[in-house]
Amino acid sequence: PRTVRAHLAGKSQRSTVAARIVAALVDLGFVAVSHEPRRDDAAEEVRPSCSSRPTRMAHAIQSLGAGGAQQVLKYLVAHGDRSSFEHRVYAGAGGEFHAEVARAGATVRIIRRHAPKFDPLWIIELAKAFREDGIQLLHTHLFGDSLHGAGAARLVGGIPVVVTLH
């Protein structure tokens with residue numbers, strides 16, 4: 001499994017449940033979690049080393065409706081290093097942030113979800129899209145997207161996954 005950094009904010013019941021599910025993903029071999037403290041130069045670890053072409057980074061998110069995770073996503077795309085990363089956003093539904101994320105510089109693909117919580121078909125469709133688009137790194141936002149994204153990354157052959165639980 002690929003190693004990812006995981007951060008669960010707070011001690012709420014919700015983050016406890018999320019921690020259990022992340023632990024289950026680790027047990028199943030989908031991801032390995034590093035609890036090392038974040039370094040200021042952590043972004044340097046994922047820069048391309050063999051090519052001058054930017055790394056194709058996918059962001060998986062449930063929808064592009066109004067929300068805090070969507071604002072963070074827009075910020076990452078708008079202020080990221082474009083010489084190092086090419087952002088592609090895969091969302092289960094459009095919304096208020098669709099146009100803003102696209103204007104910020106990301107290619108946006110809406111891949112409809114078929115079920116509101118766990119959707120095995122979305123995992124398969126994400127995997128197909130990642131393979132078609134040559135994705136090299138996946139950043140997931142929110143819990144359900146992390147579960148679906150990790151499964152899709154595994155199906156494609158083990159794309160490294162960065163999990164952010166907002």
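On a predicted model such as this, the values are computed, not experimentally measured, just so you know. Quick note: residue numbers are just sequence positions, from 1.
- Closest heavy-atom contact between L142 and I61: CD1-CG1, 4.4 Å.
- Shortest non-hydrogen contact noted between L73 and L64 is CD2-CD2, 4.0 Å.
- The side-chain hydrogen bond (donor to acceptor under 3.5 Å, both in side chains) search around H87 returns H59, not counting sequence neighbours.
- When all heavy atoms are compared, the tightest approach of Q136 to P160 is O-CD, 3.3 Å.
- Scanning both residues, V77 and A106, for their nearest heavy atoms gives CG1-N, 3.5 Å.
- Side-chain contact of Y90 with D133: a donor-acceptor pair under 3.5 Å is present, judged by distance alone.
- Ion pairing of R109 with E125 is absent here, as no side-chain N (NZ or NE/NH1/NH2) approaches a carboxylate O to less than 4.0 Å.
- Counting all heavy atoms, side chain and backbone alike, V163 lies closest to S146 at CG1-OG, 3.3 Å.
- Between R88 and the choices V108, T107, L138, the side chain to side chain contact (heavy atoms under 4.5 Å, CB included) rule is met once, by T107.
- The list of ring pair (Phe, Tyr, Trp, His ring centres under 6.0 Å) pairs with a residue in residues 91-127, not counting sequence neighbours, reads F118-H148, W122-H148.
- For the pair R112 and A93, the tightest heavy-atom approach, listed with the atom from each and the gap, is NH1-CA, 3.5 Å.
- Screening residues 63-75 for side chain to side chain donor-acceptor pair (under 3.5 Å), with sequence neighbours left out, gives K74-E100.
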